[in-house]
Amino acid sequence: MNPADALPSQDFIRTIIREDLKENRIKGRVHTRFPPEPNGYLHIGHAKSICLNFGIAAEFGGLCNLRFDDTNPIKEEEEFVESIKEDVRWLGFDWEDRLYYASDYFDRLYEYALKLIRKGKAYVDDLTPDQIREYRGTLTEPGRESPCRSRSVEENLDLFERMRSGEFEDGTRVLRAKIDMSSPNLNMRDPVMYRVLHAHHHRTGARWCIYPMYDFTHGQSDSIEGITHSLCTLEFEDHRPLYDWFIKELEIFAPRQIEFARLNLSYTVMSKRKLMELVEGGHVTGWDDPRMPTISGMRRRGYTPESIRNFCERIGVAKRESTVDMGLLEYSVREDLNKRARRVMAVLRPLRVIIDNYPEDRVEYLEAENNPEDPGMGSRTLPFSRELFIERDDFREDPPRKFFRLAPGREVRLKHAYYIRCEQVVKDEQTGEVTELHCTYDPETRGGWSEDGRKVRGTLHWVSAPHSIGAQVRLYDHLFLRPDPEGDRDGSDFKDHLNPRSLETLTTCRVEPGLREARPEVSFQFLRLGYFCVDSVDSSPQKPVFNRTVTLRDTWAKLEKKQKRPQQKGKGKKAV
RNA sequence: UGGGGUGUCGUCAAGUGGUAAGACACGGGCCUUUGGAGCCCGCAUUCGGAGGUUCGAAUCCUCCCACCCCAGCCA
């Protein structure tokens, strides 16, 4: 049985491939490719394409190549090819020995161009860029033919060779396909195939001073590699007739191009240009800033490859343009991390608690499970002493309705430890700020359980003050305030919608001692708070830094919000 | 007002003539030593609109409307 038949994926692309297979159009072979241009870092939108291409190949028992479409030496850099390779690998995909570059095909592409010239299907044009634009016509008016269009094959051959040998300045001559200047599809109005560019290429160096255009490269590259299905985004839909024309005139293998909608995500931007602008404008710390939707940023933030792959599967593939709710991405990480992250305790905004009836110099080691979802992950031991820290948010002098946490006279459970009761609140005389709490503990409740069936609604996380270690914690929020920051309908720039509080840095956090050994890319659940991981760039054993990947679902926060804004008209949709 | 696409729940998305899957979100309940997780229930009489064909239409036909892409020697 075909493995794909067992899978539920019903998107239109897989349906087409299944039909191609059934009707034997492709001789049972499925071959795809992921073709990035090495001019920036990969983002979650690329992940969709990577999962699609590699995923389909795997499902249909086929292959998927990694190919860099590096036809523009001015924009492309080695740094980007390295980061792209790393990201694809990290996502869990393997191109084995099939790593290619469009620049590998420069010689062949040159031969292809010669072939079209000899067939009278291509010519060298002397028009300036401005003139070419003028001659192209408009959306509603046909274009005009260039005076150079009727040059002889011999002259074209000679001129093209002289373009190649460096006789002409940049921008002075191009090679064009001779198709139809009155086509309603602008891509067919004698598109440029080659331009003169005296630029150093990251792979071919100074060997060439003419470079093929993407449109004259991509389809042929796919053809050369025997790609059966060229999956690309919607904007290339009306380039398809051009690619088909080249393939037909060149008489080479014809891949089938299928276009799908690119991914958009709420509260962020996805275009390389905009991401680049954020980096260069210093709005983020780099391509791998944990707030960026880049693969490297997400990796640093604590996202797992599995969660990204699951997300890509969940969003599906279709032709309609859409914007996926960021909440779905967050759901995907939580789902994955819930199963695999070790639970630990960390106090982000510490409030000192003194257990008055606990012996001054005593230290107990309490057992704590590492993950209630997976007993196989074992347990660890936690120091408990007379002085503790709890979260400031977990104490309210004047508790609102349904607040189950600590308050004067109230009893709560300290996770894995004891029940404690708040006996006294100490405040700063000047500011009125609560500085510490005096509590008593019930020795009969060791482990956080009492025989008498006493009801204790609240369970708090805590750390032992003398044993805990200091840490910095970075809390991230949406990079943008608006679900659709690109919407510049009102003339605003997308950067006007940056969230000024997308990063909150907490420097006085206290975490349990075991976290000293934490390594990057290993996630923890800070109990009751969220998922966190060590920052791969700024953390050190002396000064640990943690990134918050995502919060836990917080029904109390939701409830409290609702209590504060009781009556609301309709769905409360605000006109942002 | 040229060409190419797309319109199904708040957001994604199945469905391809037989009477609207699923996921997230949302609402309610159960459970709980994370107000986490888990579990249960609810959530489009309707598929951009209007006509038509048909016993029967989201699916076929006609017209209309809305939105996206294309005038780089970018990809």
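Bear in mind that the values here come from a model prediction, so they are computed numbers and not experimental data. Chain identifiers are assigned alphabetically (A, B, ...) following the order of the sequence lines, protein sequences preceding nucleic acid strands; residue numbering begins at 1 within each chain.
A gap of 46 Å separates the P atoms of B/C63 and B/G27, to the nearest Å.
When distances run from any side-chain atom of A/K562 to the nucleotides B/G10, B/G28, B/A37, the shortest one goes to B/G28. The side chain of A/E37 has B/A75 as its nearest neighbour among B/A75, B/C12, B/U6. Of the candidates B/G5, B/C73, B/C74, B/G5 carries the atom nearest the A/E237 side chain, counting heavy atoms from C-beta on. Taking only side-chain atoms of A/P129, from C-beta outward, the nucleotide of B/U33, B/C73, B/A14 with the closest atom is B/C73. Closest to the side chain of A/R136, out of B/A71, B/U6, B/G36, is B/A71. Among B/A75, B/A23, B/G2, the nucleotide with an atom closest to any side-chain atom of A/R195 is B/A75. Of the listed nucleotides (B/U33, B/C73, B/A75), B/A75 has the atom at the smallest distance from the side chain of A/T71. Side chain of A/K558, nearest nucleotide from B/C73, B/A14, B/G27: B/G27. Taking only side-chain atoms of A/K75, from C-beta outward, the nucleotide of B/A13, B/C74, B/G72 with the closest atom is B/C74. The side chain of A/V324 lies closest to B/C12 when the candidates are B/A37, B/C12, B/C74.
The shortest distance between the side-chain N/O atoms of A/K415 and the OP1/OP2 oxygens of B/G36 is not below 4.0 Å. At the phosphate of B/C24, neither OP1 nor OP2 sits under 4.0 Å from any side-chain N or O atom of A/S332.
No side-chain N or O of A/S183 forms a donor-acceptor pair with one of A/N185 less than 3.5 Å apart.
Of the residues in residues 523-533 of chain A, those lying under 4.0 Å from RNA chain B by heavy-atom distance are A/Q525, A/L527, A/R528.
Other residues, nucleotides and ligands place more than 12 heavy atoms under 6.0 Å from the CD atom of A/E78.
By the 30° and 60° cut-offs, the orientation of the rings of A/F236 relative to A/H239 is perpendicular. Between A/F384 and A/Y441, the ring planes lie tilted relative to each other; the angle falls in the 30° to 60° range. Note: A/Y211 and A/H201 have parallel aromatic rings, judged against thresholds of 30 and 60 degrees for the angle between ring planes.
A cation-pi arrangement is absent between A/R176 and A/Y123, since the terminal nitrogen or guanidinium carbon is not both under 6.0 Å from the aromatic centre and inside a 45° cone about the axis.
Mapping A/G447 and A/D125 onto RNA chain B by nearest heavy atom places A/G447 at the nucleotide closer to the 5' end.
Considering only residues two or more places apart in sequence or on other chains, A/R33 meets the side-chain hydrogen bond (donor to acceptor under 3.5 Å, both in side chains) condition with A/H218, A/D222. Evaluation of the ring pair (Phe, Tyr, Trp, His ring centres under 6.0 Å) rule for A/H461 yields no partner, not counting sequence neighbours. A/Y100 is linked by a ring pair (Phe, Tyr, Trp, His ring centres under 6.0 Å) to nothing, counting only residues two or more places apart in sequence or in another chain.
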Between N or O atoms, less than 3.5 Å apart, protein on one side and nucleotides 67-70 of chain B on the other: list the pairs.
{"unit_1": "B/C68", "atom_1": "O2'", "unit_2": "A/E321", "atom_2": "OE2", "d": "2.2"}

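Residue-level contact check: A/T128 touches the bases, meaning some heavy atom is under 4.0 Å from a base atom.
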- Output field dot_bracket for RNA chain B (Watson-Crick or G-U, both distances under 3.5 Å, | for other-strand pairs) contains .(((((((.[[[..)..(...]]].(((((.......))))).....[[[[[..)....]]]]])))))).....

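Glycosidic conformation of B/G5: anti, with the torsion beyond 90° of 0.
For the pair A/H461 NE2 and B/U34 P, the computed distance is 14 Å after rounding to whole Å.
The base of B/U34 lies outside donor-acceptor range of the side chain of A/R553, with no N or O pair under 3.5 Å.
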